Amino acid sequence: MKIKGKMRWIVGGLILAVFAGGIYYYQCRQAASAIPAVETAAVERMKLKSVVSATGTIRPVDSVEVSSKITARIKSVLVKENDTVKAGQTIATLDGKELQTEQDQADYKVTNTREKYNRMSKLYSIGAKSQEELEDAEYEYKTAMSSLEGTQSNLAETVITAPMDGIVVGEPKTPGTMAEQGTGNPTVIMRIADLGHKQIMAKIDETDIGKIAIGQQASFTVDAYSGQKFTAKVAKISQTDVDNSWDTASSSTSSSSSTSSASVIYYYVTLDIDDPQGLLKPAMTARVEINTAEKDNALAVPLAALKTNNDGAYVVLVHQDGTTANRTVKTGIYSDDYVEIIDGLSEEDQISVSYTVSGKKSSSSSQHQGPPPM
């Protein structure tokens with residue numbers, strides 16, 4: 001009996017020891033999780049480059065759509081796609097049979113009315129015809145002359161010439177096609193472009209347009225040449241957004257179609273392309289990076305270390321004893337991963353990059369919603 005009693009005491013003691021050990025382990029874990037695990041980075045000097053990224057379309061600087069000033073059927077096309085043409089070169093002709101007939105008729109009428117006017121002038125000089133009859137004859141003659149000149153002008157338009165030096169872009173219309181005249185929707189017989197000088201039309205968000213300036217250098221890539229970078233230079237910055245949304249008088253009629261994108265404002269920026277090998281083609285999509293600022297020896301910290309509050313930008317400075325303190329900083333240029341520190345830190349200072357709260361790791365970059373105002 002005594003042995004059994006001792007066993008119960010031993011088992012009970014073991015249970016109490018295990019329970020106490022569990023409580024102690026749990027308390028240690030809680031205490032450990034409450035201690036921030038600080039990841040630090042040193043403030044250092046480096047080369048920083050700030051860029052604005054955008055997407056644009058490659059296009060020729062000069063291009064023209066060749067159409068007809070008269071309505072007639074295309075008789076012949078003397079060039080084909082990719083042919084080089086010179087300004088004034090005949091590139092197509094239109095069927096002018098009907099116009100030739102009209103010219104013959106107009107020419108006959110001019111001859112007839114001129115003879116009539118000459119006879120009337122002689123008769124008027126001897127008093128056989130009145131002033132009014134002479135004026136009527138003169139009017140008929142001048143009207144016939146005007147009609148002949150119009151017909152001759154239209155007949156001349158049956159010969160289509162190149163308005164500029166360039167290359168035929170795309171397939172021209174085929175002979176037999178009816179070429180319609182008009183200012184609204186004329187038939188485009190062919191397109192000619194100067195492919196020796198190309199540009200990129202890039203759309204820049206309003207938050208970045210203030211960083212863009214004429215003459216800034218840029219690089220870009222296209223899908224056709226993977227891994228190859230081309231160069232360009234900012235040539236023009238549009239003074240109005242792509243939708244002219246500021247002009248309420250003209251945009252009110254299309255407000256319903258642009259409502260969905262009204263909150264996003266873009267501006268066109270034109271960049272001249274350097275393409276000596278002629279690799280780039282119109283309509284290619286260019287992914288552009290415009291160099292807006294660059295420094296060779298900037299004092300910088302990881303972008304993930306920068307935070308903002310009501311007082312502006314700050315970082316968490318880590319002292320040698322492990323204690324931390326917020327340090328207000330003045331920022332300069334931003335790269336993809338780093339930000340320049342103009343004031344507030346010294347080289348080799350240690351700053352917090354990420355920290356742990358309640359056992360869950362959280363990067364300080366998640367607290368930084370984009371660059372603060374510069």
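Remember, predicted model here, so these are calculated numbers, not experimental data. For the single chain, residues carry numbers from 1 onward in sequence order.
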Pairwise side-chain contact, [X] with [Y], heavy-atom cut-off 4.5 Å (strictly under):
{"X": "Y334", "Y": "L303", "result": "yes"}
{"X": "L306", "Y": "V315", "result": "yes"}
{"X": "F230", "Y": "L279", "result": "yes"}
{"X": "E138", "Y": "L134", "result": "no"}
{"X": "M178", "Y": "T71", "result": "yes"}
{"X": "V79", "Y": "Q89", "result": "yes"}
{"X": "K47", "Y": "E294", "result": "yes"}
{"X": "E347", "Y": "L299", "result": "yes"}

Spell out, yes or no, whether [X] and [Y] are grouped together once hydrophobic residues are joined by side-chain heavy atoms under 4.5 Å, including indirect joins.
{"X": "V110", "Y": "Y139", "answer": "no"}
{"X": "V159", "Y": "V64", "answer": "no"}
{"X": "I74", "Y": "L155", "answer": "yes"}
{"X": "V318", "Y": "Y314", "answer": "no"}
{"X": "I167", "Y": "M164", "answer": "no"}

- request: In sequence, state the C-alpha distance, the side-chain angles, and the governing distance for S245 and D243, and then conclude on side-chain hydrogen bond (donor to acceptor under 3.5 Å, both in side chains).
  value: CA-CA 5 Å; S245 58; D243 296 319; over 6 Å; no
Within the side chain of [X], is there an N or O that forms a donor-acceptor pair under 3.5 Å with the backbone of [Y]?
{"X": "S147", "Y": "T143", "value": "no"}
{"X": "D275", "Y": "L280", "value": "yes"}
{"X": "Q239", "Y": "I237", "value": "yes"}
{"X": "K122", "Y": "R119", "value": "no"}
{"X": "R327", "Y": "G344", "value": "yes"}
{"X": "E65", "Y": "P186", "value": "no"}
{"X": "T292", "Y": "S50", "value": "yes"}

Decide if atom [atom1] of [X] counts as having more than 12 heavy atoms of other residues, nucleotides or ligands within a radius under 6.0 Å.
{"X": "Q100", "atom1": "CD", "value": "yes"}
{"X": "D321", "atom1": "CG", "value": "yes"}
{"X": "Y225", "atom1": "OH", "value": "yes"}
{"X": "N297", "atom1": "CG", "value": "yes"}

message: One pair to check against side chain to side chain contact (heavy atoms under 4.5 Å, CB included): D95 and T158. What are the steps and the verdict?
response: CA-CA 7 Å; D95 187 353; T158 60; over 6 Å; no
message: Tell me every residue that passes salt bridge (charged side-chain N to carboxylate O under 4.0 Å, His left out) with D272, counting only those two or more places apart in sequence or in another chain.
response: none
query: Can you name the salt bridge (charged side-chain N to carboxylate O under 4.0 Å, His left out) partners of E171, sequence neighbours left out?
result: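 E171 satisfies salt bridge (charged side-chain N to carboxylate O under 4.0 Å, His left out) with no residue once adjacent residues are dropped.
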field: Carboxylate-amine/guanidinium proximity below 4.0 Å for K109 and E140
entry: no
field: Pair R287 + D223: basic N to acidic O under 4.0 Å
entry: yes
- prompt: Do Q103 and D107 pass the side-chain hydrogen bond (donor to acceptor under 3.5 Å, both in side chains) test, and can you show the C-alpha distance, the side-chain angles, and the key distance before you say yes or no?
  reply: CA-CA 6 Å; Q103 179 176 291; D107 191 47; over 6 Å; no
field: Q131 vs Y124, side-chain hydrogen bond (donor to acceptor under 3.5 Å, both in side chains): CA-CA, chis, key distance, verdict
entry: CA-CA 7 Å; Q131 177 73 27; Y124 173 74; 2.5 Å; yes
field: Residue from I200, I209, I214 passing side-chain contact (heavy atoms from CB on, under 4.5 Å) with V269
entry: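 Only match with V269 under side-chain contact (heavy atoms from CB on, under 4.5 Å): I209.
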message: I need the single residue from V77, V66, T187 that forms a side-chain contact (heavy atoms from CB on, under 4.5 Å) with K173. Which is it?
response: T187
What are the two closest non-hydrogen atoms of [X] and [Y], and how far apart are they?
{"X": "V43", "Y": "S346", "result": "CB-O, 3.5 Å"}
{"X": "A144", "Y": "T113", "result": "CB-OG1, 3.6 Å"}
{"X": "M190", "Y": "P172", "result": "CB-CB, 3.9 Å"}

- request: Check the pair I91 / D83 against side chain to side chain contact (heavy atoms under 4.5 Å, CB included), numbers first and verdict last.
  value: CA-CA 10 Å; I91 53 179; D83 279 356; over 6 Å; no
query: Atom CG in D241, atom OH in Y268: separation rounded to 0.5 Å?
result: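 Going from CG on D241 over to OH on Y268, the span is 10.0 Å.
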task: Please report the C-alpha distance between I342 and T331 in whole Å, then the side-chain angles of each, then the deciding distance to 0.1 Å, and finally whether the side chain to side chain contact (heavy atoms under 4.5 Å, CB included) criterion is met.
output: CA-CA 5 Å; I342 297 176; T331 59; over 6 Å; no
- prompt: Should L99 and L94 be marked as a side chain to side chain contact (heavy atoms under 4.5 Å, CB included) after you check the CA-CA gap, both sets of side-chain angles, and the distance that decides it?
  reply: CA-CA 10 Å; L99 290 173; L94 305 178; over 6 Å; no
Parallel, tilted or perpendicular: rings of Y141 and Y117 (30°, 60°): parallel
